[in-house]
Amino acid sequence: MLKRISTLVLAGLTAAALTSCGSQGSGSASGSGDGSITMGFSQVGAESGWRTANTKSVQEAAKESGITLKFSDAQQKQENQIKAIRSYIQQKVDVIAFSPVVESGWDTVLKEARDAKIPVILTDRAVDSKDTTLYKTFLGSDFVEEGRKAGKWLVESFNNSTDPVNIVELQGTTGSAPANDRKAGFAEVIGADPKFKVIASQSGDFTRAKGKEVMEAFLKSNPDIDVLYAHNDDMGLGAIEAIEGAGKVPGKDIKIITVDAVKDGMQALADGKINYIVECSPLLGPQLMDLAKKVVKGETVPARVVTEETTFTQEQAKTALPNRKY
Ligand code: GYE
């Protein structure tokens, strides 16, 4: 599948947002003359197949574009990300990029970066800071739209029936942008018809192990589950093990919708165990490096760069699988 990336310039991108240059002291930024760039990158963790593919994309793209990458894995903990960002500020990197594990609580550290005149790029996940001059741009998917796509498939699949549809939801990491937004987009679409009932909704922290554990609990307390909506493939794959363990057939007895479209998810979709996947591309590395070069030079960048994505049915997964890169 061809991946198209579109840039969306939002109102509010002011000249003020474009003036800063990441060069610090005797550092190495373009401003200091030798043109080399050092990026400090704080990754969420290694919780899912998506994250592994994202990390690989960032590391490979840095190498290809000649950017020196300082990389740290926060193991899904905000405090570790804050520590990493502070350490990048101290090391006077030219640009900081990070994928915020949760949306809230970033203002202080972002102000510290701004005071040190180091530009920050948000990648993959958003923050809820009111002050949008705290970062230069946000590159990533539209998670609300992903939730809507999941909801639309469900509405279309059940449009011939008036019976109640009992749904269980495995949410991503509590407080994270993709968990908040995928829940909201889905709820917005299915909320139009009262036959759709979310009978249980809990976090599985985007991991396979937690997805399995929470699905086991759902199955114990709810004998009549029609649909599982999992905020990522990994939790869906863990849940499939729980469903099979309970003697039910995933994809038939319980219809399953997930988000991401990583290889293991696509395989389960092609095998009939998942019914529908909303794609979320982790291949953000090349765009991130392009944006980094621009902000370090003080060039104009859009305030928001949205990744365009598709969806997959079981038939489409069979066709797409051989060429899937992650
Ligand atoms: O969907 C999930 C990962 O932030 C878009 O994080 C990302 C999400 C992705 O753990 O698998």
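Numbering of ligands and ligand atoms starts at 1, following listing order. Worth saying up front: this structure is predicted, and the values here are computed from it rather than measured.
Environment of NZ in Lys195: crowded, with over 12 heavy atoms of neighbouring residues, nucleotides or ligands closer than 6.0 Å.
The distance between the ring centers of Trp153 and Phe158 does not fall below 6.0 angstrom. Taking the ring centroids of Phe186 and Tyr229, they lie under the 6.0 Å cut-off.
Side-chain N or O atoms of Ser141 include none that pairs as donor or acceptor with a backbone N or O of Phe143 at under 3.5 Å.
The nearest protein atom to atom 9 (C) of ligand 1, hydrogens excluded, is given as Asp260 OD1, 3.5 Å; this is a heavy-atom distance. When hydrogens are left out, the protein atom nearest atom 5 (C) of ligand 1 is Asp124 OD1, 3.2 Å; that is the closest non-hydrogen contact. For atom 10 (O) of ligand 1, the closest heavy atom belonging to the protein is Glu47 OE2, 2.5 Å.
Near Phe143, meaning under 4.0 Å from one of its heavy atoms, ligand 1 places the atoms 5 (C). The Asn232 neighbourhood of ligand 1 comprises atoms 2 (C), 11 (O), with distances under 4.0 Å to a heavy atom of that residue. Interface atoms of ligand 1 facing Cys280, defined by a heavy-atom separation under 4.0 Å, are 5 (C). Close contacts of ligand 1 with Pro178, meaning ligand atoms under 4.0 Å from a residue heavy atom, involve 4 (O).
Taking every heavy atom of both residues into account, Ser176 and Glu103 meet most closely at C-CG, 4.2 Å. Residues Glu146 and Glu279 come closest through the heavy atom pair OE2-O, 3.7 Å.
Atom 4 (O) of ligand 1 has its nearest heavy-atom neighbour, among Arg125, Glu146, Arg182, in Arg125.
Residue Ser48 places at least one N or O, backbone or side chain, under 3.5 Å from an N or O of ligand 1.
Ionic pairing of Arg208 and Asp264 is present here: one or more N-O contacts between side-chain nitrogen and carboxylate oxygen are shorter than 4.0 angstrom.
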